[in-house]
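Written below as structure tokens is the structure these notes are about.
Because the structure is a prediction, the values reported are computed rather than measured. We name chains A, B, ... by the order of the sequence lines, and we start the count at 1 in each one.
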Number of protein chains: 2
Amino acid sequence: MAIKKEKVSKELILEAARNVFIEKGFDGARMQQIADRAGANKALLHYYFSTKESLFEDVFKEAFSTFAPHFHDELLKVKSFKSFLVFFLDIYIKLLLNHPYLPLFILSELQRNPDKLAQIVKGIVDFELIQQMIKKEMDDGNVVKMDVRELIVNILSLCIFPFAGRPMMQRVLWKNDEVGYVNFLNQRAESIYKFLESTLFINN
Amino acid sequence: MAIKKEKVSKELILEAARNVFIEKGFDGARMQQIADRAGANKALLHYYFSTKESLFEDVFKEAFSTFAPHFHDELLKVKSFKSFLVFFLDIYIKLLLNHPYLPLFILSELQRNPDKLAQIVKGIVDFELIQQMIKKEMDDGNVVKMDVRELIVNILSLCIFPFAGRPMMQRVLWKNDEVGYVNFLNQRAESIYKFLESTLFINN
DNA sequence: GTCTATAAAAGGATAGAC
DNA sequence: GTCTATCCTTTTATAGAC
């Protein structure tokens with residue numbers, strides 16, 4: 001590929017590494033495959049990123065940063081938890097629809113190497129402000145009182161699991177109807193909101 | 001280990017394989033490590049299970065069978081969805097507490113090799129009866145009407161994600177307080193039930 | 001049935017030409 | 001900056017003795 005500019009190669013490799021690592025995980029990824037997909041040579045990967053480990057870390061850092069819920073100012077400026085929730089679900093589900101393999105990748109790799117990757121993760125996510133905001137809403141009597149962290153886990157569960165668990169859920173519940181499952185995912189933001197808003201049981 | 005009986009070795013190897021595969025995944029697992037942990041020789045693994053792939057399949061099949069929700073007769077004989085839910089949550093969360101690495105293992109491996117493993121999975125899980133049961137409860141007006149599969153996904157999300165997402169959740173929400181997170185998991189069955197039973201929002 | 005030794009292949013990394 | 005060729009280590013798998 002003699003046509004390519006200098007800086008472009010590095011980006012092509014990173015792009016290829018992103019795809020391969022996220023699809024196969026660190027252990028399953030092959031430098032050769034990354035090179036192939038980047039249209040480059042294996043040696044070039046080492047020229048730019050020295051080791052597989054180091055290339056992976058770059059990918060992971062970026063991926064985690066994408067995956068972690070971010071609470072920008074606009075999101076925190078909403079006037080109630082209810083509107084925050086609508087806003088957040090919309091943004092976050094859209095993100096997951098665009099990066100469906102991210103959840104399982106992040107969770108698996110964090111499991112594989114918690115100590116090292118925890119370092120990388122440090123400082124990227126901050127649930128402090130959002131926890132305070134929810135707590136206030138509970139104190140004000142706008143939201144049912146419960147452990148705030150638990151509530152956050154519940155919301156994230158409902159968002160993330162349908163993506164991370166897709167290989168299983170689509171098969172056993174949707175009988176491998178791919179289109180049907182995609183529809184389900186597309187409506188997910190709205191569904192979660194409705195589910196949370198309603199009571200599950202009618203009597204008693 | 002000349003003391004061991006013939007049949008015992010095979011079981012020891014399988015036991016070791018279970019641990020290593022579930023902890024590291026197929027790609028990260030090493031036959032050497034399995035041999036070491038079984039107190040046996042690498043060659044012996046091949047004697048009993050021929051290939052790594054085939055040994056893995058045995059482990060996966062068993063693991064999936066454990067992980068998949070089973071609806072025994074007792075579970076289906078309960079008189080309402082409400083009591084079914086209490087019963088199911090109790091059983092399933094206990095299972096996950098005993099096998100905390102199962103969810104991520106199953107989900108990752110299904111992702112890695114969907115076609116092959118889907119074959120293995122076939123027939124192990126059956127949500128038909130439970131879907132019918134829930135549907136009837138909705139028709140009878142005992143449960144809020146909604147897509148049944150969606151309801152099942154929601155319940156499974158709330159059960160499974162806290163385990164699969166532990167490396168992340170424990171760090172960012174519990175500030176790596178291991179004891180606190182274990183407490184959270186121990187109360188999970190009850191928490192989920194309460195969460196589902198209550199309405200999230202008080203006003204409106 | 002269990003071991004040692006070794007083959008055979010894969011995969012990460014480096015040297016050196018251009 | 002990019003390539004070819006090659007080294008070195010790891011890892012699966014097998015042959016063959018006991």
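Residue-environment remark: CD (B:E74) exceeds the threshold of 12 foreign heavy atoms within 6.0 Å. Other residues, nucleotides and ligands place more than 12 heavy atoms under 6.0 Å from the CD atom of A:E53.
Residues B:V121 and B:F60 are in side-chain contact: their nearest non-hydrogen atoms beyond the backbone lie under 4.5 Å apart.
The interatomic distance linking A:D27 (CG) with C:dG12 (C1') rounds to 14 Å, in whole Å. Going from atom OH of B:Y47 over to atom C1' of C:dC3 covers 13 Å, rounded to whole Å. Taking atom CG of B:L45 as the reference point, atom P of D:dT12 lies 10 Å away to the nearest angstrom. If you take CZ of B:F49 and P of C:dG1, they are 12 Å apart, rounded to a whole angstrom. In this entry the distance linking CD1 of B:I13 with P of C:dC3 reads 9 Å, nearest Å. Taking atom NE2 of residue A:H46 and atom C1' of nucleotide D:dG1, one finds them 16 Å apart after rounding to whole Å. For the pair B:L12 CG and C:dC3 C1', the computed distance is 16 Å after rounding to whole Å. Atom OH of A:Y48 and atom C1' of D:dT2 are 8 Å apart (whole Å).
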Between the protein and nucleotides 8-11 of chain C, list the N/O to N/O atom pairs that are separated by less than 3.5 angstrom.
from, atom 1, to, atom 2, distance (Å)
C:dG11, OP1, A:R30, NE, 2.7

All N/O pairs under 3.5 Å across the protein-nucleotides 16-18 of chain C interface:
none

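When only modelled atom types and interatomic distance are considered, A:D36 and A:Q32 share a side-chain donor-acceptor pair under 3.5 Å.
Residue B:T51 places none of its side-chain N or O atoms closer than 4.0 Å to OP1 or OP2 of D:dT12.
No salt bridge links B:E109 with B:K116; every basic N to acidic carboxylate O contact stays at or beyond 4.0 Å. Here A:R149 pairs with A:D147 in a salt bridge; the nearest charged N to carboxylate O distance falls below 4.0 Å. Under the 4.0 Å criterion applied to side-chain N and carboxylate O atoms, B:E57 and B:K52 are not assigned as salt-bridge partners. Ion pairing between B:E190 and B:K194 holds under the 4.0 Å rule for side-chain N and carboxylate O.
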Residue pair A:K10, A:E15: steps toward the salt bridge (charged side-chain N to carboxylate O under 4.0 Å, His left out) verdict: CA-CA 9 Å; A:K10 187 170 183 180; A:E15 171 73 19; over 6 Å; no

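In the set D:dT4, C:dG1, D:dA13, D:dT4 carries the atom at the smallest distance from any side-chain atom of A:N41.
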